[in-house]
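What follows is a short report on a single structure.
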Amino acid sequence: MSGSDSPLTLLGGLSAAEFLRDHWQREPLLIRGAFPDFQCPLDPDELAGLACEEGIEARIVEERGRDGPWQVSHGPFDERTFAKLPERDWTLLVQAVDHYVPEVAELLDHFSFLPRWRLDDIMISYAPPGGSVGPHVDQYDVFLLQGSGRRRWQLGGKVPDDAPILAGIDLRILERFDVEPGHDWVLEPGDMLYLPPGWAHHGVSQSDDCLTLSVGFRAPSADEAITSFADYLGEQLPASQRYADPGMTPPVDPAELDDAAVARMRRLILDTLDDPAQLAQWFGRVMTQPKYVDQLVAAETPTEIADLVAELQAGAELLRSPGSRFAWRALDVDRATLFADGDGLDCSLELARALASDAPLDAELLDIPGAAEVLATLLDAGSLAWDDEEE
Ligand code: SIN
Ligand code: CO
């Protein structure tokens, strides 16, 4: 494996360490030929096919829709939808294509210089000439990889949270978009543009085969984090842990909420929240929650450990379910919590690392104490599945 200081073609010759220091979350980076001779793993028709499937999140944005400007329609679509679209100025966007197309999921191997639990998904868009979703801002780090055709990208710099947006439409399009000098490029297949959160951008298709892959990385907002951590902790707190004021002095005015009362409440909240072990447990769970909870199909009957061991020993393999998320955190030198799809399992550090990696899940794993039980739990939860081809 190459170290974090070897130059990467994917990052335009920067090392992972240099990219993380100078660009990640800070500055955009245009990388010509990030994927040399890139062959897009799917074509516009295949993308449209996915957008017609039940359960796949897809949108069409029409700049001049029948119901008004920047009209957004939600899938699943059918062939008639596509037949009725104009020749230009629309976009089809399909989320989480990495869940459905293994060759798209394989692209993620190139992004192992980033924590895997930061990944949101790979969205793919198709647009005929002129198609765009308008100038906007995302709260995501995103690598915009040109799959086929050409797209012109213009960047408008960092914009404040309260930058005015167009009223009366279902998209958050900036009212004002000024291109930063020198931030205007046409991307060809294999070229990639990294964008930090908060940067205004506008991408317009320049060809009739324009496919753009957005490898998006998410970060919970303070609002989501505080609400979710408070909910997690709240489930474990005893009813007796509450605001308390023993030994208080008589109030000057019984109607006043005085400084001492506010300080007591502040202490209760801060002391309760300031629990690094609980915070890590919550963090692992929240960052591995699946993007689409209903894609996780739990087993109808619990797996018998003896059957699972026999299958593996007979040569069967288990696979991580597409879209399942794994991470781990050490508890001590040889124990860890394995986080899988929003749950936490206590197991050996060796097992947690193996399961959260890309390593094959076969009989060799059974050498690790406790492996069969954890595999059965993950199989029953739907995070793992038998590889049908191997059975
Ligand atoms: C697109 O692919 O058309 C839009 C991607 C983005 O701007 O985030
Ligand atoms: Co965007």
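Position 1 is the first residue of the sequence, and the numbers go up from there. Order of appearance sets the numbers: ligands from 1, and atoms from 1 within every ligand.
Salt-bridge check for R335 with D346: passed, with a basic side-chain N closer than 4.0 Å to an acidic carboxylate O. Salt bridge present: D141 and R118 bring a charged side-chain N and a carboxylate O closer than 4.0 Å. Electrostatic pairing of K291 and D341 does not count as a salt bridge here, judged by no charged N lying under 4.0 Å from a carboxylate O.
No side-chain donor-acceptor contact under 3.5 Å links T81 to the backbone of F77.
Of all protein heavy atoms, the one lying nearest to atom 7 (O) of ligand 1 is H136 CE1, 2.9 Å. Ranking the protein heavy atoms by distance from atom 4 (C) of ligand 1 puts V133 CG2, 3.9 Å first.
Between W24 and F113, the gap from one ring centroid to the other reaches at least 6.0 Å. Aromatic ring centroids of H201 and F177 lie 6.0 Å or more apart. Aromatic ring centres of F339 and F283: separated by at least 6.0 Å.
Only protein N, O or S atoms were considered, and those under 2.8 Å from the Co ion (ligand 2) are H136 NE2, D138 OD2, H201 NE2.
Contact between H202 and ligand 1 is absent, with no heavy atom of the residue lying under 4.0 Å from the ligand.
Heavy-atom minimum distance, L318 versus L375: CD1-CD2, 4.1 Å.
Of all the atoms in ligand 1, the ones that sit under 4.0 Å from a non-hydrogen atom of D138 are 8 (O). Residue S125 approaches ligand 1 through these ligand atoms, each under 4.0 Å from one of its heavy atoms: 1 (C), 2 (O), 3 (O). Taking every non-hydrogen atom of H201 and a distance limit under 4.0 Å, the qualifying atoms of ligand 1 come out as 6 (C), 7 (O), 8 (O).
At a heavy-atom cutoff of 4.0 Å, ligand 1 is contacted by no atom of Y126, backbone or side chain.
Under a cut-off of 6.0 angstrom, the local environment of CD in E103 is crowded, with over 12 non-hydrogen atoms contributed by other residues, nucleotides or ligands.
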